[in-house]
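Remarks on the structure that follows.
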Amino acid sequence: MHRRFSEDQSGLERRGQPVQSLDHALEAASRAEKRLREAIEALPQGIVFLDENDRYILWNKRYSEIYERSADLLAPGVRLADTLRVGVERGDYPEAIGREESWIADRMKRLHQPGVRHEQWLANGRCIMIEERKVDGCGTIGIRVDITDLKHKEENFRLLFERNPLPMLVYDVETGQIRSANESACAFFGYAREEMADMSAHALFPRDVRARASAMLGSDYSNSNDCWQMLRSDGSSVEAVIATRLSQLEGYSATIVSIFDVTERRRIEQRMTHMARHDELTGLANRAHCREHLCEALNQSAPNETVTIALVDLDHFKAVNDTYGHMFGDAVLTEAARRMLKLIPPDALLCRIGGDEFAIIFRRSSLAQAELVAKSVITTLSEPFFVHGHLIHIGATVGFACSPHDSRDPETLLRYADLALYAAKEEQRGICRPFETSMDEAAQQKSQLEKDFRIAVRAGDLEVHYQPLVNLATGEVECYESLLRWNHPERGLVPPETFVQLAEDMGLIDHLGRFVLDQACKEAVNWPEHVKVAVNVSPLQFRNGNLISTVINALSASGLAAGRLELEITEAVMMEKGPRPGAIIRNLRAFGIGISLDDFGTGYSSLSYLLDYPFTKIKIDKAFILNLHQEAKSRAVIRSIIGLGRNLGLTVAAEGIESEIQRAYLREEGCVQGQGYLFGKPEPAATLRHAVSRVA
């Protein structure tokens with residue numbers, strides 16, 4: 001065969017150059033095919049070549065990527081119709097579902113009668129624009145363009161256009177007609193949608209402005225100060241601000257026209273201006289308006305003219321919201337505002353500056369007149385409110401400051417009135433208090449004390465002291481109560497009730513609680529095993545929800561047995577709403593931790609608490625011990641508490657024991673433990689005696 005080929009080739013060579021020409025032709029064809037492939041691969045569109053029988057010849061990578069779910073079907077000589085049929089069976093073409101044969105037939109019809117672009121949705125959510133062209137004697141060339149993003153933009157524009165509350169038009173620049181109008185535009189002009197379609201835009205403008213309007217509509221235009229007179233379907237006119245944006249839509253030049261009704265805008269602007277200065281619920285001046293008015297009143301007042309600001313705080317209002325809900329609370333606020341408006345002078349301004357706080361600014365009223373109005377406000381707000389069939393009682397407390405007596409500075413005057421209100425609430429709700437210099441001094445001192453306390457906490461200047469609780473029968477120390485102490489470098493020993501309140505106000509109570517628990521547990525590990533340690537717990541620690549983890553961490557870190565730890569709580573913990581306090585107490589008891597009810601006998605519902613919660617100890621408040629020999633009632637209460645504790649199986653301890661007489665009486669009555677200066681004052685850990693102490 002090789003020899004025959006050689007002979008044939010020799011024969012051809014003897015006859016001339018045809019072999020060389022054929023090689024050149026084949027090489028040229030190969031290069032042309034290679035260039036063609038490189039060219040179509042470089043195109044961003046999907047390209048496919050089909051022969052005259054609709055069979056695949058050539059396609060690029062982008063075409064395969066577009067039809068990725070059917071890419072395995074692509075091969076030279078495979079019919080397009082066959083790949084479509086398999087793709088339909090696979091679910092590649094969602095539009096074919098339910099009409100598979102007709103869809104394939106329609107698709108092949110489009111292939112055989114090309115010239116019109118059409119769209120094709122694929123199962124992966126992509127939309128493909130298809131354009132196909134017949135080449136005489138060479139089959140079909142197909143182009144595929146992924147227009148998914150364009151379709152999404154068109155849909156987003158359509159939704160934005162159709163659902164926009166602003167009247168919008170699509171204006172054809174060439175014809176001067178309105179191609180489309182959204183519902184807002186139809187409602188605004190009073191036309192049906194079909195009436196506005198292909199309407200001349202001139203119909204929306206008076207004759208004398210139509211030429212200028214055409215120029216404006218055919219360009220990018222935006223001028224918020226330029227108002228246009230426009231016509232509605234009933235012939236009425238309205239002034240509007242118009243903005244246009246040039247665009248290309250479906251092959252024609254257009255502008256997107258946005259129309260702003262100036263009347264509505266002005267109404268909204270006026271409403272917003274009013275809302276910025278007034279309370280939405282009551283319609284009264286708000287805090288910003290209050291400050292502006294106060295500044296204005298002080299600036300315009302004569303040197304000796306009195307300007308008074310009174311702050312009114314509603315008493316027990318939080319309970320209204322908690323009990324009845326905010327709808328009732330809003331009704332009470334509205335009625336309270338109405339009542340107060342009836343009492344203030346014509347030149348006074350009533351403001352709502354907070355949730356349940358109001359302010360009254362008096363101009364050209366004497367201090368006595370302002371105080372008289374304030375007392376009338378307290379009286380009228382103390383009268384019952386009838387809300388949705390319910391009788392609701394609140395009240396009010398008032399603090400006020402005046403210029404020029406207290407200050408001529410508006411911010412200072414507001415602060416002074418707030419200090420007076422705070423002092424009034426501390427003293428007795430339902431009263432009226434003027435500002436006094438001592439209030440500012442106290443506030444400054446408190447502010448400085450807060451700064452010093454924060455520094456002390458950060459520097460570790462707080463120290464835990466321990467006071468013994470002894471067995472009244474044997475004199476042995478059975479427990480030490482851990483007590484936090486702060487020795488201020490200038491003020492000396494700061495009372496615990498002072499800095500504990502500071503810690504709660506400043507949000508540091510959790511930090512202090514962890515510190516005391518950690519220190520107490522670490523110290524108690526060094527004591528005899530029968531000696532326990534007691535730690536006071538704040539109601540805020542229960543409320544914050546971290547108490548259990550704090551206690552467990554302290555026990556784990558120190559190695560102290562849970563049964564040697566007692567937590568002392570007050571009745572305030574029990575008064576917290578919800579199931580959380582009870583659940584926390586029961587969980588702590590489940591670990592074996594003792595729970596002591598401190599200051600027993602001074603609350604309102606202590607007996608019910610003993611039945612509801614698993615206490616292990618009750619401590620008789622020292623107020624009963626101090627009056628032991630002067631008050632027969634104190635002895636009766638003490639005797640009752642001891643008997644109650646004994647019957648419930650609880651340890652009863654007495655606080656504030658300072659004399660042998662008190663100890664003897666309590667021991668005879670059956671009190672188990674005692675605490676007080678008779679047995680020892682709180683001492684730092686370094687001075688504690690580690691042996692079991694006896695009190696003779």
Inset, instruction - Check Arg363 against Asp347 and note the closest heavy-atom contact, atom names and distance. - result: O-OD2, 2.7 Å

Inset, instruction - Give me the ring orientation class for His274 and His278: parallel if the planes are under 30° apart, tilted from 30 to 60°, perpendicular past 60°. - result: parallel

Legend entry - Contact summary for Leu650 and Phe615, nearest pair of heavy atoms: CD2-O, 2.9 Å

Inset, instruction - Would you kindly say whether Asn286 and Glu280 are connected by a side-chain donor-acceptor distance under 3.5 Å? - result: no

Inset, instruction - Give a yes or no on whether Glu357 atom CD has more than 12 heavy-atom contacts from other residues, nucleotides or ligands under 6.0 Å away. - result: yes

Legend entry - Approximate separation, where rounding is to 0.5 Å, of Ile394 CD1 and Glu383 CD: 11.0 Å

Legend entry - Distance-only donor-acceptor check, side chains Ser301 and Arg408, under 3.5 Å: yes

Legend entry - Sub-4.5 Å side-chain heavy-atom contact between Met340 and Leu381: yes

Legend entry - Thr323 side-chain N/O to Val320 backbone N/O, donor-acceptor pair under 3.5 Å: no

Legend entry - Ion pair Glu335/Arg339, N-O distance below 4.0 Å: yes

Legend entry - Output field: ring centroids His388/Phe328 closer than 6.0 Å: yes

Inset, instruction - Please indicate whether His393 has more than 12 foreign heavy atoms, meaning atoms of other residues, nucleotides or ligands, lying under 6.0 Å from its NE2. - result: yes

Legend entry - Within-4.5 Å side-chain heavy-atom neighbours: His511 and Arg514: yes

Legend entry - Among Ser258, Ser222, Cys227, side-chain contact (heavy atoms from CB on, under 4.5 Å) partner for Val241: Cys227

Legend entry - Distance-only polar pair, side chains of Gln675 and Lys619, donor-acceptor under 3.5 Å: yes

Inset, instruction - Give a yes or no on whether the backbone of Glu292 and the side-chain of Glu296 come within a donor-acceptor separation of less than 3.5 Å. - result: no

Inset, instruction - For residues Leu666 and Ile625, determine if any side-chain heavy atom of one lies less than 4.5 Å from a side-chain heavy atom of the other. - result: yes

Legend entry - Heavy-atom closest pair, residues Asp315 and Gly430: OD2-N, 3.4 Å

Legend entry - Any donor-acceptor pair under 3.5 Å from Arg291 side chain to Leu294 backbone: no

Inset, instruction - Using modelled atom types only, decide if a donor and an acceptor are shared between the side chain of Asp279 and the backbone of Arg352 within a distance under 3.5 Å. - result: no

Legend entry - Neighbour count >12 (heavy atoms, 6.0 Å) for atom NE2, His488: yes

Inset, instruction - Walk me through it: do Leu284 and Phe358 pass the test side-chain contact (heavy atoms from CB on, under 4.5 Å)? - result: CA-CA 9 Å; Leu284 301 177; Phe358 296 81; 3.7 Å; yes

Inset, instruction - Report the C-alpha separation of Leu231 and Val238 in whole Å, then their side-chain angles, then the decisive distance to 0.1 Å, and conclude whether the side-chain contact (heavy atoms from CB on, under 4.5 Å) test is met. - result: CA-CA 7 Å; Leu231 301 177; Val238 62; over 6 Å; no

Inset, instruction - Decide yes or no for Ile585 and Pro614: does some side-chain heavy atom of the first lie under 4.5 Å from some side-chain heavy atom of the second? - result: yes

Inset, instruction - Rounded to the nearest 0.5 Å, what's the gap from CH2 on Trp228 to CD1 on Ile242? Could you check? - result: 6.5 Å

Legend entry - Residues Glu481, Asn536; criterion side-chain hydrogen bond (donor to acceptor under 3.5 Å, both in side chains); working and verdict: CA-CA 8 Å; Glu481 181 179 358; Asn536 291 282; 2.8 Å; yes

Legend entry - Within 45° cone of Tyr422 ring axis and under 6.0 Å: Lys425 NZ or CZ: no

Legend entry - 4.5 Å side-chain heavy-atom contact, Val516 and Leu483: no

Legend entry - Trp486 vs Glu463 side-chain heavy atoms within contact, under 4.5 Å: no

Inset, instruction - Tell me whether the guanidinium CZ or amine NZ of Arg433 lies under 6.0 angstrom from the six-membered ring centre of Phe400 and within 45° of its axis. - result: no

Legend entry - Qualifying residue for side-chain contact (heavy atoms from CB on, under 4.5 Å) with Leu311, from Val398, Ile353, Leu419, Thr397: Ile353

Legend entry - Backbone N/O of Ile618 and side chain of Ser596: donor-acceptor pair under 3.5 Å: no

Inset, instruction - Report yes or no: does Ser382 contribute a side-chain atom to a donor-acceptor pair with the main-chain N or O of Ile378 at less than 3.5 Å? - result: yes

Inset, instruction - Answer with yes or no whether the side chains of Glu504 and Ser538 bring together a donor and an acceptor at under 3.5 Å. - result: yes

Inset, instruction - Please lay out, stage by stage, how Leu298 and Ser403 fare under the test side-chain contact (heavy atoms from CB on, under 4.5 Å). - result: CA-CA 8 Å; Leu298 292 171; Ser403 170; 3.5 Å; yes

Inset, instruction - Can you run down the salt bridge (charged side-chain N to carboxylate O under 4.0 Å, His left out) pairs that involve residues 441-459, sequence neighbours left out, and say none if there aren't any? - result: Lys446-Asp505

Inset, instruction - Mind listing the closest non-hydrogen atom pair of Leu333 and Thr282 along with its distance? - result: O-CG2, 4.0 Å

Legend entry - Cys290 side chain reached by Ile361 side chain, heavy atoms, under 4.5 Å: yes

Inset, instruction - Give, for atom CZ of Arg589 and atom OH of Tyr613, the distance between the pair rounded to the nearest 0.5 Å. - result: 15.5 Å

Legend entry - Distance in Å, Leu350 CG paired with Ile344 CD1, rounded so as to fall on 0.5 Å steps: 5.0 Å

Inset, instruction - For Tyr416 and Asp406, work out which heavy atoms get closest and say how close. - result: CE1-O, 3.6 Å

Inset, instruction - Supply the atom-to-atom distance His293 NE2 to Cys351 SG, rounded to the nearest 0.5 angstrom. - result: 7.0 Å

Inset, instruction - Test Asn546 against Asp510 for side-chain contact (heavy atoms from CB on, under 4.5 Å), laying out the working first. - result: CA-CA 8 Å; Asn546 301 321; Asp510 272 343; 3.7 Å; yes

Legend entry - Closest heavy-atom pair and its distance - Tyr324, Leu391: OH-O, 4.3 Å

Legend entry - Under 3.5 Å donor-acceptor, Glu371 side chain and Ala368 backbone: no

Legend entry - Ser184 (side chain) donor-acceptor with Asn164 (main chain) under 3.5 angstrom: yes

Inset, instruction - Tell me yes or no: between the side chains of Asp409 and Ser407, is some donor less than 3.5 Å from an acceptor? - result: no

Inset, instruction - Please confirm whether the backbone N or O of Asp330 pairs with a side-chain atom of Thr334, one donor and one acceptor, at under 3.5 Å? - result: yes

Legend entry - Heavy-atom side-chain proximity of Ser237 to Arg232 below 4.5 angstrom: no

Inset, instruction - First locate atom CG of Leu567, then atom CD of Gln541, and finally report the distance between them rounded to the nearest 0.5 Å. - result: 9.0 Å

